[in-house]
Protein chains: 2
Amino acid sequence: MESQSGPQKPKAYHHGDLRNALIHAGLELLAEGGAQELDLRKVARRAGVSHAAPYRHFADKQALIAAITEEGFHWLAERIETALREVAVEPFEQLVGIALAYVHFAQEHTWLMREMFSGLTIERETFESLHTASKTVYRLYTDVIRRGQESGKFVTGDPAALAGVFWSVLHGLAILIIEKQMRPYTDGPEGTERVTRYTIESLYGGFARR
Amino acid sequence: MESQSGPQKPKAYHHGDLRNALIHAGLELLAEGGAQELDLRKVARRAGVSHAAPYRHFADKQALIAAITEEGFHWLAERIETALREVAVEPFEQLVGIALAYVHFAQEHTWLMREMFSGLTIERETFESLHTASKTVYRLYTDVIRRGQESGKFVTGDPAALAGVFWSVLHGLAILIIEKQMRPYTDGPEGTERVTRYTIESLYGGFARR
DNA sequence: ACCTGAACACCGTTCAAGT
DNA sequence: ACCTGAACACCGTTCAAGT
């Protein structure tokens with residue numbers, strides 16, 4: 001009906017790729033306005049289709065959000081891989097590199113990060129692909145731990161178990177930073193970097209005095 | 001109108017304490033059915049008032065959830081204080097005690113924990129009391145760290161900063177456990193306890209080989 | 001002061017119908 | 001096969017009115 005040629009893309013926009021268009025419209029809305037803006041009707045509107053069209057590609061809202069967070073896990077994995085390439089091969093520096101990548105990701109994609117880990121809106125169990133995506137990230141930590149052990153710098157033990165400990169630190173730090181619980185330590189320029197490095201140093205050296 | 005005398009409390013139920021009744025109705029609904037069940041109309045129904053009544057006590061849904069999570073922070077603080085009293089005074093064991101209390105709390109009050117930290121539904125900034133409540137918990141860690149330092153067992157440094165590191169580990173671990181990211185390590189009886197203790201041991205000893 | 005009932009806007013979801 | 005428009009149930013919020 002509307003014969004305007006405004007900001008809308010041409011009618012044949014989704015050459016069968018509406019699914020992808022919806023995911024990216026959702027990512028945009030989430031980044032712009034938070035969880036509140038992530039509603040199915042707005043997503044459809046932004047993708048240029050009717051509010052019923054998404055149901056051709058997603059069973060329900062949860063399924064769309066699952067697809068969105070899956071994309072988030074891919075982004076996170078890429079971010080960490082890039083960081084690992086740009087940082088020294090020294091194992092400790094690799095841990096710091098991962099940590100900074102993780103925390104920066106959380107700060108740059110706060111709402112996405114919340115959706116990825118809150119457990120509030122999607123039931124992980126239902127979406128197997130999400131599980132796979134997060135395992136990919138987990139493997140990155142494990143590899144670094146293993147290399148650190150091989151070079152004799154890290155303590156011995158099951159690398160995957162140690163990676164779990166590392167992930168806990170990373171994740172807790174990232175969440176507490178974005179939820180403003182690490183103030184005033186994160187204040188000022190380079191505040192985030194300082195706190196992150198300090199955290200990994202503390203983990204590396206341990207709490208025990210010797 | 002309804003003249004049934006069923007499970008409802010008598011009419012004069014809220015002797016001016018509707019506010020509290022709403023908070024506890026909300027806590028119940030959250031525990032029973034998760035975030036989805038936490039809706040204002042259901043909360044009002046459970047408290048035995050009309051759906052408009054909550055607006056006498058809370059500006060909006062967010063304000064009610066803020067009050068609910070504030071109660072969560074009080075529970076968490078009590079849980080940790082109790083654990084600290086029941087555990088040995090040896091500093092390392094106190095860290096383990098806090099960690100177990102935190103993780104168990106997360107497992108027993110999963111939905112509440114998610115609301116407390118997800119950042120998805122309430123904007124912390126708006127509710128100053130929430131900030132105060134979480135600081136109370138933070139102080140518990142700091143005290144233990146300080147005592148550990150005084151007894152010469154822990155490394156030196158700003159106790160509050162070290163407490164931040166400790167909280168990161170705790171929180172990351174709790175979240176990753178309830179979001180099922182620590183499988184298969186948490187499987188089996190005592191799985192949670194084993195993983196938690198292992199995590200605190202790793203933090204205590206550090207990742208660096210010596 | 002505190003609560004109710006009706007009303008409004010908006011969202012998730014469904015479905016018969018269109019091309 | 002893919003999308004639309006109308007319709008339904010339900011929720012957050014407001015407001016005039018009741019005691």
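Just so we're on the same page: letters track the sequence lines, and every chain starts at 1. All values below come from the heavy atoms of this structure, side chains included, with hydrogens, waters and symmetry mates left out.
Rounded to a whole Å, the CG atom of B:Leu64 is 10 Å from the P atom of D:dT13. What separates CZ of A:Arg41 from C1' of D:dA9 is a distance of 12 Å, to the nearest Å. When rounded to the nearest whole Å, the span between CG of A:Leu29 and P of C:dC10 equals 16 Å. The interatomic distance linking A:Asp39 (CG) with C:dC10 (C1') rounds to 8 Å, in whole Å. Between the P atom of D:dA9 and the NZ atom of B:Lys42 lies a distance of 16 Å, rounded to the nearest Å. Taking atom CZ of A:Arg19 as the reference point, atom P of D:dA1 lies 19 Å away to the nearest angstrom. One atom, CZ of B:Arg45, and another, P of C:dC3, lie 18 Å apart when rounded to the nearest Å. In this structure, CG of B:Asp17 is placed 16 Å from C1' of C:dC3, rounded to the nearest angstrom.
Side-chain proximity of A:Leu18 to the nucleotides D:dC3, D:dC11, C:dC11 is greatest for D:dC3.
Enclosure of atom CD in B:Gln36 is not indicated, since only 12 or fewer non-hydrogen atoms of other residues, nucleotides or ligands lie within 6.0 angstrom. Counting non-hydrogen atoms of neighbouring residues, nucleotides and ligands closer than 6.0 angstrom, the CD atom of A:Glu93 exceeds 12 such neighbours.
Contacts with DNA chain D (heavy atom under 4.0 Å) in residues 50-62 of chain B: B:His51, B:Ala52, B:Tyr55, B:Asp60, B:Lys61, listed by number.
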Which side-chain N or O atoms in residues 74-81 of chain A pair as donor and acceptor under 3.5 Å with protein atoms at least two apart or in another chain?
{"from": "A:Trp75", "atom 1": "NE1", "to": "A:Glu71", "atom 2": "OE2", "distance (Å)": "3.0"}
{"from": "A:Arg79", "atom 1": "NH2", "to": "A:Glu108", "atom 2": "OE1", "distance (Å)": "2.9"}
{"from": "A:Arg79", "atom 1": "NH2", "to": "A:Glu108", "atom 2": "OE2", "distance (Å)": "2.7"}

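A donor-acceptor pair is defined here as one N or O able to donate and one able to accept, closer than 3.5 Å; no such pair exists between the side chain of B:Glu115 and the backbone of B:Ile65.
Side-chain atoms of B:Gln181 and A:Ser134 form a donor-acceptor pair, as typed in the model, at a separation below 3.5 Å. Side chains of B:Thr192 and B:Gln107: a donor-acceptor N/O pair is present below 3.5 angstrom, by distance only.
Rounded to the nearest 0.5 Å, atoms CG (A:Leu95) and CG (A:Leu100) are 11.0 Å apart. Note that OG1 of A:Thr142 and NZ of A:Lys135 are 8.5 Å apart. Values are rounded to the nearest 0.5 Å. If you take CD1 on B:Ile98 and CZ on B:Phe105, they are separated by 14.5 Å, rounding to the nearest 0.5 Å.
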> Given Watson-Crick or G-U pairs with both distances under 3.5 Å, what dot-bracket string fits DNA chain D, with | for other-strand pairs and [ ] for crossing?
Replying inline: ||.|||||...|||||.||
